[in-house]
> 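This is the structure I have questions about; it appears just below.
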Amino acid sequence: MTSAIKSVAFGVAITLGLAAAGGVTAKPAPKPAPRSAAHNWGNTIAYLPSGAFVRGNPAAKVKLVEYISYTCPHCADFNAEAAPTMSATYIATGKVQVEVRPFFRNMFDVTASLLAHCGPADRFRGNHDALLAEQKQWLAGAANPSDDQIKRWSDPDFAKRMQAVATDLGLNRIMLARGYSAEQLGTCLADKALAQKLADLTQQGVTIHKVEGTPSFLINNVLQSGVFTWPGLHAKIDQAVR
């Protein structure tokens with residue numbers, strides 16, 4: 001499990017200059033029409049008004065929320081281990097609906113989250129997986145920044161700041177390889193309103209659900225204390241779906 005929220009290097013706070021705001025509560029999803037047993041609920045995806053990504057049966061017995069930081073090594077390990085079973089066994093079958101809430105620990109999380117959300121909802125999962133799969137490589141570039149990088153990463157212009165981080169760490173490279181254009185990435189990285197929504201989700205996680213680090217999980221709106229790995233979460237999900 002990673003450490004709790006903290007300010008990042010050179011005095012950049014978690015919200016990166018964004019105004020503080022309360023948590024965002026999504027509108028309840030409508031009850032779906034009956035589907036055949038062969039229906040794949042993994043194709044039922046959306047962005048919620050809060051900015052979170054949701055996948056699966058809206059009427060699932062188990063609603064799982066994942067608080068994920070893109071700079072958290074344990075989150076990358078969790079995603080690699082959990083994704084195949086979670087998708088095939090629980091989401092596709094309609095047993096579990098999963099909501100992914102990015103959790104901001106530093107400004108690099110903000111940049112990566114904006115890129116993960118770039119484009120329509122059906123692009124999110126691939127973006128999310130790619131950023132976490134290559135985390136070790138791109139995050140290494142943040143370890144010992146030069147004075148010039150620190151200056152550019154502290155630019156008062158939000159879009160320039162995000163673009164500098166994405167370029168310097170190679171995040172743009174990952175997204176270009178996924179078929180995005182430089183113009184599309186620039187637009188996504190300039191989305192300060194979305195960054196604020198996701199910052200609000202982080203604040204809600206801390207103040208309402210008492211999330212102290214990542215990865216953290218809610219099952220049917222209850223924080224799973226002491227559960228930070230796929231084996232631990234797997235057992236909890238199995239209990240909940242019975």
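Note that the structure is predicted; figures quoted are calculated from it, not measured. Residue indices begin at 1 and follow the sequence shown.
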> Would you say the ring centroid of Phe108 lies under 6.0 angstrom from that of Trp138?
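No, the ring of Phe108 stays outside the 6.0 Å limit from the ring of Trp138, centre to centre.
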
> Same cluster for Leu114 and Leu176 if Ile/Leu/Val/Met/Phe/Trp/Tyr side chains link at under 4.5 Å?
yes

> What's the separation between atom OH in Tyr67 and atom CG in Leu201, rounded to the nearest 0.5 Å?
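Going from the OH atom of Tyr67 to the CG atom of Leu201 covers 6.5 Å.
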
> Determine, stepwise, if the pair Trp41 / Thr93 fulfils side-chain contact (heavy atoms from CB on, under 4.5 Å).
CA-CA 6 Å; Trp41 286 104; Thr93 59; over 6 Å; no

> For a side-chain contact (heavy atoms from CB on, under 4.5 Å) check, start with the C-alpha distance between Asp122 and Asn43, then their side-chain angles and the critical distance, and finish with the verdict.
CA-CA 8 Å; Asp122 63 3; Asn43 296 324; over 6 Å; no

> With a 4.5 Å heavy-atom cut-off, do Thr214 and Ile68 have their side chains touching?
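No; the side chains remain at least 4.5 Å from each other.
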
> CZ/Phe78 to OG/Ser216 distance, rounded to the nearest 0.5 angstrom?
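If we round to the nearest 0.5 Å, Phe78:CZ and Ser216:OG are 10.5 Å apart.
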
> Report the C-alpha distance between Phe103 and Asp109 in whole Å, list the side-chain angles of each, state the deciding distance to 0.1 Å, and finish with yes or no for side-chain contact (heavy atoms from CB on, under 4.5 Å).
CA-CA 7 Å; Phe103 192 91; Asp109 278 326; over 6 Å; no

> Do you know which two heavy atoms are closest between Asn144 and Gln149, and how far apart they sit?
O-OE1, 4.5 Å

> Quick one, Leu169 with Thr111, criterion side-chain contact (heavy atoms from CB on, under 4.5 Å). Give me CA distance, side-chain angles, the key distance, then yes/no.
CA-CA 10 Å; Leu169 299 189; Thr111 308; over 6 Å; no

> Applying the side-chain hydrogen bond (donor to acceptor under 3.5 Å, both in side chains) criterion to Tyr180, which one of Asn127, Asn172, Thr187 satisfies it?
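Result: among Asn127, Asn172, Thr187, Asn127 is the only option passing the side-chain hydrogen bond (donor to acceptor under 3.5 Å, both in side chains) with Tyr180.
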
> So do Pro231 and Glu81 actually touch side chain to side chain, heavy atoms under 4.5 Å?
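They are in side-chain contact.
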
> So is Arg55 actually on top of Phe124's ring, under 6.0 Å and inside 45° of the axis?
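No, Arg55 and Phe124 do not form such a contact.
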
> Donor-acceptor pair, distance only, cut-off 3.5 Å: does the side chain of Thr167 make one with the backbone of Gln163?
yes

> Using only heavy-atom distances, determine whether the side chains of Asp200 and Gln196 contain a donor-acceptor pair under 3.5 Å.
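Their side chains do contain a donor-acceptor pair, which is all the 3.5 Å distance test asks for.
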
> Output yes when Arg125 and Asp129 qualify as a salt bridge under the 4.0 Å nitrogen-oxygen rule, no when they do not.
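Looking at Asp129 together with Arg125, the answer is yes, because their closest N to O distance falls below 4.0 Å.
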
> Enter the distance from Met175:CE to Leu189:CG here, rounded to the nearest 0.5 Å.
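The distance works out to 8.5 Å.
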
> Tell me whether the count of non-hydrogen atoms from other residues, nucleotides or ligands lying under 6.0 Å of CD in Glu183 goes above 12.
no

> With side chains defined as the heavy atoms from C-beta onward, is the minimum distance between Ile219 and Leu233 less than 4.5 Å?
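Side-chain contact under 4.5 Å: yes.
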
> Are Leu115 and Tyr70 close enough that some pair of their side-chain heavy atoms sits under 4.5 Å apart?
no

> How close do Ala121 and Phe53 get, heavy atom to heavy atom, and via which atoms?
O-CE1, 3.4 Å

> Is it true that Arg152 and Asp148 make a salt bridge, defined as a side-chain N closer than 4.0 Å to a carboxylate O?
yes

> Please tell me if the side chains of Asn57 and Lys95 come closer than 4.5 Å, counting only heavy atoms from C-beta onward.
no

> Quick one: pull up CG in Leu198 and CZ in Phe104 and give me the separation to the nearest 0.5 Å.
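CZ of Phe104 is found 4.5 Å from CG of Leu198.
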
> Rounded to the nearest 0.5 Å, how far does OG1 of Thr71 lie from CG of Leu131?
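The OG1 atom of Thr71 is 12.0 Å from CG of Leu131, to the nearest 0.5 Å.
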
> To check you understand the geometry: which heavy-atom pair defines the closest contact between Ala190 and Ala159, and what is its length?
CB-CB, 3.7 Å

> More than 12 heavy atoms of other residues, nucleotides or ligands under 6.0 Å from CG of Asp157: yes or no?
yes

> Within the structure provided, determine whether Ile237 and Val96 are in side-chain contact (heavy-atom separation under 4.5 Å).
yes

> Which of parallel (below 30°), tilted (30 to 60°) and perpendicular (above 60°) describes His234 and Trp230?
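Correct class here is parallel.
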
> Would you compute the distance between atom SG of Cys118 and atom CZ of Arg178 and round it to the nearest 0.5 angstrom?
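Between Cys118 SG and Arg178 CZ, I get 10.5 Å after rounding to 0.5 Å.
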
> Please find the pair of heavy atoms, one from Glu99 and one from Ala52, that lie closest to each other, and give the distance.
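Between these two residues, the closest heavy atoms are OE2-CB, 3.3 Å.
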
> Between Pro102 and His117, which heavy-atom pair has the shortest distance, and what is it?
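Looks like CG-CE1, 3.6 Å.
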
> Search all heavy atoms of Pro58 against all heavy atoms of Lys63 and return the closest pair with its distance.
O-NZ, 2.9 Å

